[in-house]
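Notes follow once the structure below has been shown.
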Amino acid sequence: MTISIWRYSHLILAVSSFLFLALASITGVILAFEPIADTVNTHQVADFKSITLSQTLPQLRKKYPDISELSVNAHQSVIIKGSNIDGKNKEVYVNPIDGKVLGIPSPKNEFFQWTTDLHRSLFIHETGRFLIGLTAFLLLLISISGTILIIQRQRGLKRFFTKIVKENFAQYYHVVLGRLSLIPILVIALTGTYLSLVRFELIKSEKVSLDIDFDAIKSSPEQKPEDFAIFKNTKLSEVESIEFPFSEDVEDYYTFKLKDRELAVNQITGEILAEKQYPTAQLLTNLSLDLHTGRTGFLWAIILAIASCNILFFIYSGFAITFKRRAKGIKNKYSAEESKFIILVGSENGSTLQFASSVHEQLIQNGEKSFLAEMNQYQIYPKAEYLLVMTATYGLGDAPTNAQKFTSLLAKYPQTNPIRFSVLGFGSHAYPDFCQFAFEVNQLLTQQNWAKPLVGIHTVSDKSPSEFGLWAEAWTQQTNLPISLKIERPKVEEMSTLKVLQHTKDTFSEDTFMLRFVPQERVKVTSGDLLAIYPANDHRERLYSIGLIDKEIQLSVKLHPNGLGSNYLYNLNAEETISAKIVRNKAFHFPKKASAVMMICNGTGIAPFLGMISQNKKKIPSQLYCGFRANTSLEIYEASLKAFQENQQLQQLNIALSREGTKQYVGDLVKRDAEQFAEVLQNKGVIMICGSLAMQKDVVEVLDKICQEKIEKSVSYFQSHGQILMDCY
Ligand SMILES: Cc1cc2nc3c(=O)[nH]c(=O)nc-3n(C[C@H](O)[C@H](O)[C@H](O)COP(=O)(O)O)c2cc1C
């Protein structure tokens with residue numbers, strides 16, 4: 001919930017201030033060039049920082065008897081004033097040591113003056129000053145809320161500067177540039193706000209006035225000005241301005257305005273007549289002016305200009321992100337009450353919603369009653385037969401904002417009819433809790449009496465169309481409905497030619513047969529990947545889990561009486577070739593490193609495991625848990641399994657037979673070995689499950705209990721951390 005509060009605050013503040021902010025930023029960029037231009041025309045002398053007042057004031061007064069004031073500007077040029085200082089001008093730049101005239105100050109450039117007025121008051125005087133002051137304050141709040149959002153996004157302050165995952169151009173650079181220009185923007189906002197508060201006297205910054213006791217002014221002992229201690233001890237670089245005595249009368253004195261204090265100095269004795277420190281408010285005003293205008297340094301002025309440009313970019317990218325989030329509204333032709341298909345979506349930035357809308361539109365085009373809604377709008381769906389949940393994951397494996405109420409709503413609204421569900425998680429492997437929220441939702445739905453799994457949970461990493469296609473195909477196969485998800489037949493170059501090497505159809509038992517193919521060209525494939533075949537030579541695709549044994553692709557297939565794919569494969573003969581596509585399925589590969597691997601399967605789910613075990617050259621401690629109906633179902637695998645055990649590629653084989661002997665299911669074996677499973681998870685081992693959805697449901701229930709009781713974590717935690725991998729159908 002917290003992420004949404006900060007995000008909405010950030011958005012509302014930005015929306016309410018963006019016009020003035022844009023104006024202030026554009027004028028700010030222009031004004032940053034004023035100190036840069038001034039730096040070019042500076043009249044600073046060498047060793048300026050070491051010059052004391054005793055080296056300069058007496059000489060200047062001698063050379064210019066008319067002198068009334070000396071000032072030092074932000075670029076450390078010395079300016080002197082007098083009614084007719086050098087015979088022609090009222091003010092000149094001088095060399096403070098020898099009094100030589102270095103130049104004549106020119107009036108402020110008209111364009112910069114015009115821009116300054118616009119930047120400060122929008123040409124509408126006090127109202128404008130107030131609006132600009134308010135904008136500076138809003139910028140401060142935007143910077144603070146933005147910083148908090150980055151901290152949340154990066155999962156903590158310590159990781160503030162760690163790598164940002166590139167989701168899209170606007171989002172990536174909004175965060176990257178936000179981090180880089182955070183400090184200058186905070187400075188601009190803070191100093192702008194402060195200067196406005198001073199301007200409207202909400203912070204009192206009173207001028208100091210010196211109290212001089214004129215009766216106590218003495219005219220002796222007389223000293224040469226060069227010997228005045230205050231002249232000797234004060235550097236020119238500490239001075240803002242000095243007023244010279246009006247006449248040689250003892251009651252006329254020097255007034256020094258230094259950076260931190262003001263003082264009056266007797267012109268005959270050099271005695272300090274009065275001294276006052278500036279109040280903190282005035283020191284802060286000066287500091288704010290230095291920092292806000294960049295008048296003291298060329299480099300800081302350039303940083304301010306870049307930061308102001310960045311503010312303009314943030315306005316653009318912020319709106320781009322917001323429009324993308326809101327671009328696709330939800331349109332429904334049918335109500336929640338009358339729809340057969342319910343699609344619930346959890347999306348923060350809109351991309352998951354786009355996938356969901358596409359499924360929804362295609363169902364409608366096919367004449368189905370489909371209803372699309374955010375997960376937070378979950379309710380009773382009286383006519384629903386299918387529930388599809390498509391959700392992203394955010395934060396620390398959390399729900400997107402529009403799905404945060406789903407868990408409580410699910411408990412509040414038990415459906416009245418049985419509904420078949422499927423969960424599709426969207427996430428990124430760049431985050432440690434991969435699709436965690438989707439796994440949690442899947443687990444929650446599994447526990448509902450009314451919910452029956454239709455397709456095992458699938459994940460889509462980085463919006464991968466091929467991973468989405470995998471789910472779409474599985475879903476279409478299970479629903480057996482005329483829904484085209486517009487899966488085109490792959491292009492010829494994506495297809496591989498495979499030759500049938502071995503077929504066990506003559507010896508097959510319990511409707512299951514094995515096929516071995518030799519690829520006719522080099523292909524990238526490993527156990528756990530999928531083989532996509534196109535039995536009718538059209539868009540219809542059928543997928544089979546691959547076991548790679550000695551560089552040959554082995555499938556284990558159950559023959560369905562009217563099955564399009566299984567009949568096609570059954571009717572192939574040795575030496576025949578087929579065209580098929582290898583679909584990489586990285587989410588279900590044997591781990592390269594793991595303390596132990598527990599493989600759980602039933603029926604043809606054994607296929608990828610046979611390949612994985614044969615590829616287990618490192619001899620990672622592995623166990624296989626298989627569920628079959630009868631011993632005869634095992635026969636076709638027996639020889640390979642025996643060899644694997646002899647070679648120590650498989651440490652232990654555990655068989656559950658449901659129709660013979662003790663009549664057990666594979667879930668019963670997992671329950672029996674609960675201690676061992678908990679140990680494997682705790683020691684960073686991996687559990688892999690392949691086979692039917694009913695078996696998966698059973699096993700995951702047992703595993704969840706083990707995890708809760710023995711490790712105090714949920715199954716979804718291990719799923720999102722890649723320790724429980726599943727490929728069920
Ligand atoms: C700030 C942030 C945090 C994320 N955290 C996770 C995460 O913990 N786990 C994950 O799998 N994906 C995470 N993602 C990736 C998103 O879930 C993924 O990009 C998803 O496709 C975005 O969908 P949406 O555009 O519908 O919000 C995160 C993305 C962002 C921007």
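As the structure is a computational prediction, the values presented were derived from the model and not from experiment. Ligands are counted one by one from 1 in listed order, and the atoms in each one are counted from 1 as well.
Using a 4.0 Å cut-off to heavy atoms of Gly397, the atoms of ligand 1 that qualify are 8 (O). Near Glu348, meaning under 4.0 Å from one of its heavy atoms, ligand 1 places the atoms 24 (P), 26 (O), 27 (O). Ligand 1 places these atoms under 4.0 Å from at least one heavy atom of Thr393: 4 (C), 5 (N), 6 (C), 7 (C), 8 (O), 9 (N), 10 (C), 12 (N), 13 (C), 14 (N), 16 (C), 17 (O), 28 (C). Those atoms of ligand 1 with a heavy atom of Phe426 less than 4.0 angstrom away are 17 (O), 21 (O). Ligand 1 places these atoms under 4.0 Å from at least one heavy atom of Gly427: 10 (C), 11 (O), 12 (N), 17 (O), 18 (C). Each of the atoms 11 (O) of ligand 1 lies under 4.0 Å from some heavy atom of Phe434. Residue-ligand proximity, Asp433 to ligand 1, at heavy-atom distances under 4.0 Å covers atoms 7 (C), 8 (O), 9 (N), 10 (C), 11 (O). For ligand 1, the atoms lying closer than 4.0 Å to a non-hydrogen atom of Thr352 are 23 (O), 24 (P), 26 (O).
Test Arg584, Lys586, Lys524, Lys581 against Asp529 for salt bridge (charged side-chain N to carboxylate O under 4.0 Å, His left out) and you get one pass: Arg584.
Using 4.0 Å as the threshold, Gln436 has no heavy atom nearer than that to any atom of ligand 1.
Among residues at least two apart or in separate chains, salt bridge (Lys or Arg N to Asp or Glu O under 4.0 Å) pairs with a member in residues 415-433 are Arg155-Asp433.
In summary, Glu701 and Lys705 do not engage in a salt bridge, as defined by a charged side-chain N under 4.0 Å from a carboxylate O.
Considering backbone and side-chain atoms alike, Cys435 places an N or O below 3.5 Å from some N or O of ligand 1. Taking only nitrogen or oxygen atoms, main chain and side chain alike, Arg153 does not reach within less than 3.5 Å of ligand 1.
There is no side-chain donor-acceptor pair under 3.5 Å between Gln443 and Ser714.
You'll find the ring centres of His174 and Phe314 inside the 6.0 Å limit. Outside the 6.0 Å centre-distance limit, the rings of Tyr386 and Phe421 are not counted as a close aromatic pair. Taking the six-membered ring where the residue is Trp, the centroids of Phe406 and Tyr378 are separated by under 6.0 Å.
Judged as a ring pair (Phe, Tyr, Trp, His ring centres under 6.0 Å), and not counting sequence neighbours, the contacts of Tyr625 are Phe677.
Distances from atom 12 (N) of ligand 1 to the heavy atoms of Ser347, Ser351, Ser428 show the closest one on Ser428.
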